[in-house]
Amino acid sequence: MKYCPACGQPVEMRVPAGDNRPRAVCVACAAIHYENPRIVVGCVPEWQGRILLCQRAILPRRGFWTTPAGFFELGETLQDAAARESLEEAQVRVAIGSLLAVTHVLHAAQVHMTFRARMLDEHFGVGAETLQVGLYEEREIPWDRIAFPSIDFALRCYFEDRRAARESLHFNTVERPLDRSET
Ligand SMILES: [Zn+2]
């Protein structure tokens, strides 16, 4: 942040009184602009043992594969967001299940939260941000073409738990990007 969203004047980084870390403080109106991590929500939709994957039509990681996920919006629950992203990206209706994985993506200041999900019917389609969508067996997953470490982590946990007939919650931390194309 370079300019104050409230008044348009420059901000400077300094530690406000009573705080313990630098914040963007407006030189004109003294507003303090706190920046916090953003939440990305998604799910792993399953239909009769197969997993729904989307090939990304947009940057970052265009052409790579992901499960439906996107930024959490105001006024919705995490489950609402996961279901909405599934509809937007893959035209798929899901029942959201248990929380599968939480990945702290430190370099991007994001928290990625992924749920298990069951597709309500076999219908799916291509959304605006997607090149193609399909249902895949575990052995068909393109592991070397998965878009993000958080999705790779969630998928590996998903199959591991499914084999063990359990639904655990898994945590992971990613400190740096895979490569330049991710950011
Ligand atoms: Zn200002």
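All values below were derived from every heavy atom in this structure, side-chain atoms included, with hydrogens, water molecules and symmetry-related copies excluded. We're numbering straight along the sequence, starting at 1.
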Task: More than 12 heavy atoms of other groups within 6.0 Å of R166 CZ - done: yes
- [ ] Inspect the surroundings of CZ in F159 and state if more than 12 heavy atoms from other residues, nucleotides or ligands are less than 6.0 Å away.
- [x] yes
Task: Euclidean distance, T67 OG1 relative to F115 CZ, rounded to 0.5 Å - done: 12.5 Å
Open item on the list: Check for me, please, whether L78 and I151 land in the same ILVMFWY cluster - side-chain distances under 4.5 Å, paths through other members count.
Closed with: no
Task: Closest approach of G8 to Y3 (non-hydrogen atoms, all atoms of both residues) - done: O-CD2, 3.6 Å
TODO: For side-chain contact (heavy atoms from CB on, under 4.5 Å), just list the numbers for C4 and C29, CA-CA rounded to whole Å, side-chain angles, deciding distance to a tenth of an Å, and then say yes or no.
DONE: CA-CA 9 Å; C4 175; C29 76; 3.8 Å; yes
- [ ] Indicate yes or no: at least one non-hydrogen side-chain atom of R56 is less than 4.5 angstrom from one of L131.
- [x] no
Open item on the list: Keeping E89 on the side-chain end and S86 on the backbone end, is there a donor-acceptor pair under 3.5 Å?
Closed with: no
N/O donor to acceptor pairs below 3.5 angstrom from side-chain atoms of residues 37-55, sequence neighbours left out:
from : atom 1 : to   : atom 2 : distance (Å)
E46  : OE1    : Y158 : OH     : 2.1
E46  : OE1    : R162 : NH1    : 3.3
E46  : OE2    : G49  : N      : 3.4
E46  : OE2    : R162 : NH1    : 3.4
Q55  : OE1    : Q132 : NE2    : 2.9
Q55  : NE2    : G63  : O      : 2.9

TODO: Look at the side chain of R62 and the backbone N and O of A57, then say whether any donor-acceptor pair between them is shorter than 3.5 Å.
DONE: yes
TODO: Nearest 0.5 Å please: distance from the OG1 atom of T173 over to the NE2 atom of H107.
DONE: 11.0 Å
Task: Intermediate values then yes/no, side chain to side chain donor-acceptor pair (under 3.5 Å), H112 and N172 - done: CA-CA 10 Å; H112 293 191; N172 185 29; over 6 Å; no
TODO: Of all the heavy-atom pairs spanning L100 and A154, show the shortest one and how long it is.
DONE: CD2-O, 3.4 Å
Open item on the list: With clusters defined by side-chain heavy atoms of hydrophobic residues (ILVMFWY) lying less than 4.5 Å apart, directly or transitively, does I141 cluster with F153?
Closed with: no
Open item on the list: Check D80 with R84, please: is the shortest side-chain N to carboxylate O separation under 4.0 Å?
Closed with: no
TODO: Run the numbers on S98 and R116 for side chain to side chain donor-acceptor pair (under 3.5 Å), then give the verdict.
DONE: CA-CA 6 Å; S98 57; R116 296 175 181 86; 2.8 Å; yes
Task: Shortest non-hydrogen contact between R61 and A147, atoms and distance - done: NE-O, 2.6 Å
Task: Where G125 and V133 come nearest, the two heavy atoms and their spacing - done: O-CG2, 3.3 Å
Open item on the list: Minimum heavy-atom separation for V102 and L99, please, with both atom names.
Closed with: CG2-CD2, 4.1 Å
TODO: Check whether any side-chain heavy atom of M113 lies under 4.5 Å from a side-chain heavy atom of F72, and answer yes or no.
DONE: no
Task: Side chains of P5 and H33 in contact at under 4.5 Å (non-hydrogen atoms) - done: yes
Task: Same cluster (ILVMFWY, side-chain, under 4.5 Å), Y136 and I146 - done: yes
Open item on the list: Quick check: do W143 and L155 have side-chain heavy atoms less than 4.5 Å from each other?
Closed with: yes
Task: Beyond-backbone contact of V92 with L87, side-chain heavy atoms, under 4.5 angstrom - done: no
Open item on the list: Just so I know, are the side chains of R93 and H123 near enough to count as touching, which here means a heavy-atom distance under 4.5 Å?
Closed with: no
- [ ] Give the ring-plane orientation class for F171 versus H104, where under 30° counts as parallel, over 60° as perpendicular and anything between as tilted.
- [x] parallel
Task: Donor-acceptor contact present, side-chain E85 to main-chain A82, <3.5 Å - done: no
Task: Any side-chain heavy-atom pair of E76 and L74 under 4.5 Å - done: no
Open item on the list: Can you tell me how far apart CG (D144) and CH2 (W65) are? Round to the nearest 0.5 Å.
Closed with: 12.0 Å
Open item on the list: Are the side chains of R156 and H170 in contact, using a 4.5 Å heavy-atom criterion?
Closed with: no
Task: Straight-line distance of L106 CG to E175 CD, nearest 0.5 Å - done: 5.5 Å
- [ ] Identify the two heavy atoms, one from A30 and one from V25, that lie closest to each other, and give their separation to 0.1 Å.
- [x] O-CG1, 4.1 Å
Task: CA sep, side-chain torsions, deciding dist, call: R176, V174, side-chain contact (heavy atoms from CB on, under 4.5 Å) - done: CA-CA 6 Å; R176 58 187 64 82; V174 177; over 6 Å; no
TODO: Evaluate the criterion side-chain contact (heavy atoms from CB on, under 4.5 Å) for residue pair R23 and M13; output intermediate values, then yes/no.
DONE: CA-CA 5 Å; R23 309 289 184 184; M13 295 302 292; 5.5 Å; no
